Amino acid sequence: MTAKRKRFIAGAVCPECHSADTLAVWRENNVESVSCVKCGFTQRQTDQPPADKRPDPEKIIGIFHPE
Ligand SMILES: [Zn+2]
């Protein structure tokens, strides 16, 4: 068991080398990353809002009341 589990994307084509089924995806620090195992192409998909629109994590502590 490894912390980082990579999944291959079936049918995905690498934008760099145009090979099929060589793209692996995994999550790292809540960022979905895609990497081609053939040419080494790497892309990070940041689907989070910009930092200036995200609440400060330190300010969130104390606000959440699970009731
Ligand atoms: Zn590639």
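Note that the structure is predicted; figures quoted are calculated from it, not measured. Both counts, for ligands and for their atoms, begin at 1 and track the order of listing.
Taking 2.8 Å as the limit, the number of protein N, O or S atoms around the Zn ion (ligand 1) is 4.
By the 4.5 Å heavy-atom criterion applied to side chains, Phe8 and Val37 are counted as neighbours. Side-chain contact check for Phe41 versus Ser35: every heavy-atom pair is 4.5 Å or farther apart. Residues Glu32 and Val25 form a side-chain contact, since some pair of their non-hydrogen atoms from C-beta on lies under 4.5 Å apart.
Checked against side chain to side chain donor-acceptor pair (under 3.5 Å), Ser19 has the following partners two or more places apart in sequence or in another chain: Lys38.
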- side chain to side chain contact (heavy atoms under 4.5 Å, CB included) assessment of Arg27 paired with Arg5: CA-CA 8 Å; Arg27 274 184 99 77; Arg5 292 200 307 169; over 6 Å; no
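Checking side-chain atoms of Asp21 against main-chain N and O of Ala10 turns up no donor-acceptor pair under 3.5 Å.
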